[in-house]
Amino acid sequence: MKQVCVLGNGQLGRMLRQAGEPLGIAVWPVGLDAEPEAVPFQQSVITAEIERWPETALTRELARHPAFVNRDVFPIIADRLTQKQLFDKLELPTAPWQLLASEAEWPEVFDKLGDLAIVKRRTGGYDGRGQWRLRAGDTAQLPQACYGECIVEQGINFSGEVSLVGARGQNGETVFYPLTHNLHQDGILRTSVAFTHIHIEQQQQAEQMLSAIMHELGYVGVMAMECFVTPGGLLINELAPRVHNSGHWTQNGASISQFELHLRAILNLPLPQPVINGTSVMVNLIGTELNDAWLQLPLVHLHWYDKEVRPGRKVGHLNLTDTENGRLDASLEALVPLLPPEYASGIAWAQMKLR
């Protein structure tokens, strides 16, 4: 039996384990503080569900493990400075940016980048945390500790956000899902929509960019690339060297899910192009109690993470897939009264995309 250890035991590790079971792959999601003796890592291929981790007895042990796939790639992508430098090296389009070293640089920053500056922590920020949207009069809001630890980007006037989830095998072959359209609110992904019919130019541009990144890094497995849609084409916002929230629709909307695809890639199993049979919508469940009434709707696939429900915490997601957009639209309409009111705008956005 093939074995995989996943560094991190959150929902992504849980879904990798679920994807491995039908294939006879034993997947062990492990907490960062686990005792090394309790983890069967010697006989396993090692992967991760997170980009960066503290030094613990386990992570020290794994850092030396020869079968830790992409071990040397994680630090490059986990730091926004080295991630942006990678885009520049490969001449890939991204928002104009610079390192923010001191307060004295602000006049030059606004002169170079324009009225709106997006400040992002180099490491550790996610779901909107560790980010600030600042204009010239707001810079005092930025904590002093951020200088030298943040990059600053030009605020981009974009018409939409899309992500590309793809995988690269050990022999360098690549496969991709269709671009996913995403709606973020307060920095957290709320809703995703993926279509069978694709915008060919956007898809080709995204695939070329993500291919270039994965080949440059010698990356193996699933990677996600988030982009802004602008009149001049796609601009890369950021990368995730792992399975990604915006690819969750593939569990029910593709012949091979992103979780299975990642396992196939790191274990050197066949990597065919996944088949997409219909349009998919994913609704993130954030800080919301489990409601069995969702299961009244035949198109709804519930994925519950079995985590304590807290405000702002991702606790599950709903996937809906159909070949008929009209049926999908009606199912979303029926879902609205079964969810708290803050979901209505995200579902209305998805319905607008379907029409």
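Quick caveat: nothing in here was measured; it's all calculated off a predicted structure. We use all heavy atoms of the structure for the numbers below, so side chains are in, but hydrogens, waters and symmetry mates are not. For the single chain, residues carry numbers from 1 onward in sequence order.
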Dump the intermediate steps for side chain to side chain contact (heavy atoms under 4.5 Å, CB included) on Ser331 and Asp322, then the final yes or no.
-> CA-CA 10 Å; Ser331 203; Asp322 204 327; over 6 Å; no

Under 6.0 Å between ring centres, would you say that holds for Trp53 and Phe68?
->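 Distance test on ring centres: under 6.0 Å, yes.
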
Could you give me the CA-CA distance, side-chain angles and deciding distance for Lys353 and Phe195, then say whether side chain to side chain contact (heavy atoms under 4.5 Å, CB included) is met?
-> CA-CA 10 Å; Lys353 285 281 184 193; Phe195 299 100; 4.0 Å; yes

Measuring only between side-chain heavy atoms, which start at C-beta, is [X] closer than 4.5 Å to [Y]?
X: His199; Y: Glu201; value: yes
X: Pro241; Y: Glu51; value: yes
X: Tyr305; Y: Leu285; value: no
X: Ser345; Y: Gln185; value: yes
X: Leu318; Y: Leu302; value: yes
X: Leu261; Y: Val243; value: no
X: Met282; Y: Gln251; value: no
X: Pro75; Y: Arg52; value: no

At their closest point, which heavy atom of [X] faces which heavy atom of [Y], and how far apart are they?
X: Ile256; Y: Pro272; value: CD1-CG, 3.7 Å
X: Gly148; Y: Leu99; value: O-CD1, 4.2 Å
X: Val220; Y: Ala265; value: CG1-O, 3.5 Å
X: Pro93; Y: Gln205; value: CG-NE2, 3.8 Å
X: Gly221; Y: Ile266; value: CA-CG2, 4.3 Å
X: Tyr219; Y: Arg242; value: OH-N, 3.4 Å

[X] with [Y], same ILVMFWY side-chain cluster at under 4.5 Å:
X: Leu339; Y: Val315; value: yes
X: Met225; Y: Val73; value: yes
X: Val45; Y: Leu269; value: yes
X: Leu217; Y: Leu92; value: yes
X: Leu62; Y: Ile76; value: no

Short question: side chain of [X], backbone of [Y] - any donor-acceptor pair under 3.5 Å?
X: Asn319; Y: His248; answer: yes
X: Gln273; Y: Phe176; answer: yes
X: Arg17; Y: Pro29; answer: no
X: Arg71; Y: Ala63; answer: yes
X: Glu105; Y: Ala101; answer: yes
X: Gln203; Y: Leu179; answer: yes
X: Gln258; Y: His244; answer: yes
X: Tyr177; Y: Ala254; answer: no
X: Asn182; Y: Leu189; answer: no
X: Asn284; Y: Ile286; answer: no

Could you point out which residue of Val222, Leu16, Val27 forms a side chain to side chain contact (heavy atoms under 4.5 Å, CB included) with Phe259?
->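 Among the candidates, only Leu16 passes.
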
Per the side chain to side chain contact (heavy atoms under 4.5 Å, CB included) rule, which among Val300, Thr191, Leu297, Val281 passes with Leu332?
->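 Single pass found, and it is Val281.
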
Any idea how His65 and Phe41 line up, ring-wise: parallel (<30°), tilted (30 to 60°), or perpendicular (>60°)?
-> perpendicular

Cut-off 3.5 Å, no hydrogens considered: what does the side-chain donor-acceptor table look like for residues 233-240, sequence neighbours left out?
{"from": "Asn237", "atom 1": "OD1", "to": "Lys120", "atom 2": "NZ", "distance (Å)": "2.8"}
{"from": "Glu238", "atom 1": "OE1", "to": "Arg80", "atom 2": "NE", "distance (Å)": "3.2"}
{"from": "Glu238", "atom 1": "OE1", "to": "Arg80", "atom 2": "NH2", "distance (Å)": "3.0"}

Is there a side chain to side chain contact (heavy atoms under 4.5 Å, CB included) between Trp132 and Asp138 once you walk through the steps?
-> CA-CA 10 Å; Trp132 296 264; Asp138 307 330; over 6 Å; no

Do [X] and [Y] have side-chain atoms, one donor and one acceptor, less than 3.5 Å apart?
X: Gln18; Y: His303; value: no
X: Gln144; Y: Glu103; value: yes
X: Trp249; Y: Thr180; value: yes
X: Thr279; Y: Asn325; value: yes
X: Thr123; Y: Asp79; value: no
X: His262; Y: Thr47; value: yes
X: His184; Y: Glu161; value: yes

If you measure from [atom1] on [X] to [atom2] on [Y], what distance do you get to the nearest 0.5 Å?
X: Ser280; Y: Asn252; atom1: OG; atom2: CG; value: 7.5 Å
X: Leu58; Y: Glu37; atom1: CG; atom2: CD; value: 9.5 Å
X: Leu164; Y: Ser211; atom1: CG; atom2: OG; value: 8.0 Å
X: Met214; Y: Glu207; atom1: CE; atom2: CD; value: 9.0 Å
X: Asn157; Y: Leu116; atom1: CG; atom2: CG; value: 10.0 Å
X: Leu295; Y: Leu290; atom1: CG; atom2: CG; value: 7.5 Å

Side-chain ion pair, Arg135 and Asp115, N-O less than 4.0 Å = no

Can you establish whether the number of heavy atoms outside Trp97 located under 6.0 Å from its atom CH2 is more than 12?
-> yes

May I ask you to check whether over 12 heavy atoms, not counting those of Glu21, lie within 6.0 Å of atom CD?
-> yes

Can you list the steps and then say if Phe110 with Thr139 is a side chain to side chain contact (heavy atoms under 4.5 Å, CB included)?
-> CA-CA 11 Å; Phe110 288 111; Thr139 57; 3.7 Å; yes

